[in-house]
Amino acid sequence: MPELPDVELFKKYLDSTSLHQTISRVDILNEDIIKCNPESLRDKLEKNSFQKSHRYGKYLFIKITNIDFHLVLHFGMTGFLKYYKNQEKKPDHIRVLFSFANNYKLAYDNQRLLGEVNLTHSINSYLKEKELGPDALEIDFSNFKEILKNRKAAIKAVIMDQNKIAGIGNIYADEILYQNSIHPEQQSNTLSRAKIKKLYQTMQDILKIAIKYNAEPDNFPDDWIIPHRKEGELCPRCGGNIKRIKVYGRGTYICPECQSID
DNA sequence: TAGTTTGTTCGTGG
DNA sequence: ACCACGAACAAACT
Ligand SMILES: [Zn+2]
């Protein structure tokens, strides 16, 4: 689930449910996912509230009132947020549970423990520490072009590299390259300026449209590859067979008819 | 059973 | 410095 569009939707969800409410209690149900001192996490949050959130790449930062700290959330592959009151609405793999004075709760759920819950004084210093590249929706064209021109690696590896561009994961990388008829293994520095220009535009369009459609593959236009990202499916643009290959260590779906290396 | 899955990080070669 | 690859982390499903 959690690539840039998903995390942007988590941000909107958090903003519309959980801001400006006193946090009465923090339950840590799994300590492995907490990358700071669990005691200090409870300490910093209880009696304060969530003030304002910021998304950067796949990270969500939430400013805590009264103190100079942000809560940091990363969702790994299976993380999400759930705001609820009744126990029957409780999700299955809650790792951290924030309870509010109004008796509602915000759950950080994450089946696999690949995410992160952390604290930081400064978003900027945190980003620097992680060496994250510019956010995919914020990066300007000349910067994008320089990054692509300076790498010899497969284009898919470059756009997925969070240290170069933050926010794109395995699923949306496939979509972006498919809609540009670019083979994911094409060397980044061999792309023409015109192809890079179109890639840049499509990348931002796809991410924005995905947000608009709630990052729900069933809602996506049928000529996208994401709803057909399975072996045995047919390419919605040419009818060819969708093929699975491995690029950058990840399962990668392409239409060999539409996507070629040039 | 082995391989797969929306992610990140670390190590080993080249 | 860059690049390719694999493993590890973890849990559930084919
Ligand atoms: Zn095709």
Side-chain angles (χ1 to χ4, degrees), chain A residues 1-11 13 29-35 55-60 72-81 91-96 108-118 126-133 135-136 146-178 183-190 203 206-207 209-211 213-220 224-233 242-253 261:
Chain A
M1 224 192 313
E3 298 185 29
L4 186 152
D6 308 277
V7 180
E8 180 64 24
L9 290 162
F10 297 159
K11 169 179 161 53
Y13 183 74
L29 289 84
N30 180 292
E31 294 215 349
D32 294 340
I33 209 153
I34 314 284
K35 308 303 180 187
R55 181 195 58 75
Y56 193 102
K58 302 174 189 174
Y59 285 85
L60 188 56
V72 183
L73 299 180
H74 188 283
F75 297 91
M77 285 195 186
T78 54
F80 63 93
L81 298 174
D92 294 333
H93 309 279
I94 302 176
R95 306 307 186 186
V96 183
Y108 169 87
D109 187 293
N110 202 336
Q111 179 188 93
R112 297 159 71 184
L113 298 171
L114 298 177
E116 171 175 356
V117 176
N118 208 340
Y126 187 87
L127 297 177
K128 199 162 287 179
E129 194 182 303
K130 292 278 178 181
E131 298 182 289
L132 287 187
D135 184 85
E146 281 316 297
I147 289 165
L148 268 55
K149 277 282 171 212
N150 288 327
R151 305 289 150 186
K152 212 170 102 181
I155 181 61
K156 178 168 178 177
V158 176
I159 62 175
M160 276 182 71
D161 184 343
Q162 303 301 301
N163 300 331
K164 307 294 177 297
I165 302 164
I168 298 167
N170 196 34
I171 302 280
Y172 287 96
D174 280 2
E175 187 66 52
I176 291 163
L177 297 173
Y178 172 75
H183 193 287
E185 286 176 305
Q186 175 155 358
Q187 291 187 344
S188 179
N189 63 354
T190 65
M203 168 182 80
I206 287 171
L207 296 173
I209 293 169
I211 293 165
Y213 287 120
N214 255 341
E216 189 50 64
D218 291 346
N219 299 340
F220 291 169
W224 283 26
I225 197 175
I226 289 177
H228 305 279
R229 220 174 149 281
K230 256 180 291 191
E231 231 167 2
E233 292 269 329
I242 299 296
K243 186 179 172 200
R244 178 184 187 277
I245 60 177
K246 193 172 252 198
V247 181
Y248 193 44
R250 309 296 301 276
T252 299
Y253 293 82
I261 299 180

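Within every chain, numbering begins at 1; the chains are lettered A, B, ... in the order of the sequence lines, protein sequences first and strands thereafter. Keep in mind that the numbers below use all heavy atoms, side chains included, and drop hydrogens, waters and symmetry copies.
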J.: Between B:dG7, B:dT5, C:dA4, which nucleotide gets closest to the side-chain atoms of A:Met77?
T.: B:dG7
J.: What is the distance, to the nearest angstrom, from the CG atom on A:Asp92 to the P atom on C:dC13?
T.: 11 Å
J.: Can you measure A:Leu4 atom CG to B:dG7 atom P for me and round it to whole angstrom units?
T.: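 Distance, rounded to whole Å: 11 Å.
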J.: Using whole Å, report how far NZ of A:Lys156 lies from P of C:dC5.
T.: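 Computing the A:Lys156:NZ to C:dC5:P distance gives 13 Å.
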J.: Looking at C:dC5, I'd like to know if its phosphate oxygens (OP1 or OP2) sit under 4.0 Å from a side-chain N or O belonging to A:Lys246.
T.: no
J.: Given atom NZ of A:Lys35 and atom P of C:dC9, what is their separation to the nearest angstrom?
T.: 12 Å
J.: Can you check whether A:Leu148's main-chain N or O pairs, donor with acceptor, with A:Ser188's side chain at less than 3.5 Å?
T.: yes
J.: Given a 3.5 Å cut-off on both pairing distances, which stems involving DNA chain C, each at least three consecutive Watson-Crick or G-U pairs, are present, if any?
T.: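 The stems are B:2-5 with C:11-14, B:7-14 with C:2-9.
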J.: Looking across every strand, which nucleic acid part, if any, lies under 4.0 Å from A:Gly115 by heavy atom: base, sugar-phosphate, or nothing?
T.: nothing
J.: Taking for each residue the nucleotide of DNA chain C bearing the nearest heavy atom, is the 5' side occupied by A:Lys164 or by A:Asn30?
T.: A:Lys164
J.: Does the side chain of A:His74 come under 3.5 Å of the side chain of A:Glu116 through a donor N or O and an acceptor N or O?
T.: no
J.: Taking A:Arg95 for its side chain and A:Glu31 for its backbone only, find out whether a donor-acceptor pair lies under 3.5 Å.
T.: no
J.: Just wondering, more than 12 heavy atoms not from A:Lys35 lying within 6.0 Å of its NZ?
T.: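 Yes, the 6.0 Å shell around NZ holds more than 12 heavy atoms from other groups.
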J.: Could you pick out which residue, A:Asp6 or A:Tyr59, lies toward the 5' side of DNA chain B when each is mapped onto its nearest nucleotide?
T.: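 Its nucleotide being nearer the 5' end, the pick is A:Asp6.
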J.: Using whole Å, what does the distance between atom C1' of nucleotide B:dT8 and atom CE of A:Met160 come to?
T.: 10 Å
J.: Tell me: CZ of A:Arg112 to P of C:dA10, nearest whole Å?
T.: 11 Å
J.: For A:Arg151 and C:dA1, is the shortest distance between a side-chain N/O and OP1 or OP2 below 4.0 Å?
T.: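 No, no such contact exists.
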J.: At 4.0 Å (heavy atoms only), tell me whether A:Leu114 reaches a base, stays on the sugar-phosphate, or touches nothing.
T.: base
J.: Could you check whether any side-chain N or O of A:Gln162 sits under 3.5 Å from a backbone N or O of A:Ile168, counting only pairs where one atom can act as donor and the other as acceptor?
T.: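 Yes; judged by distance alone, with no hydrogens or angles, the pair exists.
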J.: Taking A:Asp174 for the side chain and A:Tyr253 for the main chain, is one N or O donor matched with an acceptor at less than 3.5 Å?
T.: yes
J.: Using a 4.0 Å heavy-atom cut-off across all strands, classify A:Gly249 as base, sugar-phosphate, or nothing.
T.: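 Answer is nothing: A:Gly249 stays at 4.0 Å or more from every strand.
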J.: Report the distance from atom CD of A:Glu146 to atom P of C:dC2, rounded to the nearest whole Å.
T.: 14 Å
J.: Taking the inter-plane angle between the rings of A:Tyr108 and A:Phe75 on a 0 to 90° scale, is it parallel (under 30°), tilted (30 to 60°) or perpendicular (over 60°)?
T.: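 A:Tyr108 vs A:Phe75 ring planes: tilted.
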J.: Is A:Lys58 close enough to B:dT8 that one of its side-chain N or O atoms is under 4.0 Å from OP1 or OP2 there?
T.: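 Yes, because at least one side-chain N or O of A:Lys58 sits under 4.0 Å from OP1 or OP2 of B:dT8.
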J.: Under the 3.5 Å rule, do the base of B:dT5 and the side chain of A:Arg250 count as making a donor-acceptor pair?
T.: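 It does not, because no donor-acceptor pair links the side chain of A:Arg250 to the base of B:dT5 below 3.5 Å.
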J.: Counting the atoms with a prime plus P, OP1 and OP2 as sugar-phosphate, which does A:Glu116 contact under 4.0 Å by heavy atoms, base, sugar-phosphate, or nothing?
T.: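 Nothing, no heavy atom under 4.0 Å.
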J.: Would the distance check show the side chain of A:Arg55 and the main-chain N or O of A:Gly57 forming a donor-acceptor pair, the cut-off being under 3.5 Å?
T.: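 Yes, the answer is positive, given that a donor and an acceptor are paired below the 3.5 Å cut-off.
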J.: Starting at CG of A:Asp109 and ending at P of C:dA10, how long is that distance when rounded to a whole Å?
T.: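 Checked: the CG to P distance equals 17 Å.
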J.: For the side chain of A:His74, starting at C-beta, report the closest nucleotide among B:dT8, B:dT5, C:dC3.
T.: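 So the nucleotide nearest the side chain must be B:dT8.
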J.: Among B:dG7, B:dT5, C:dA10, which is the nearest nucleotide to the side chain of A:Tyr253?
T.: B:dT5
J.: Please check the phosphate of C:dA10 (OP1 and OP2 only) for any side-chain N or O of A:Arg95 closer than 4.0 Å.
T.: no
J.: Does atom NZ (A:Lys243) have a neighbourhood of more than 12 heavy atoms from anything else shown, all under 6.0 Å?
T.: no
J.: Answer yes or no: does a side-chain N or O of A:Lys130 lie under 4.0 Å from OP1 or OP2 of B:dT8?
T.: no
J.: Please determine, for the side chain of A:Lys152, which listed nucleotide (C:dC3, B:dT8, C:dA10) has the closest atom?
T.: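 Closest nucleotide among those given: C:dC3.
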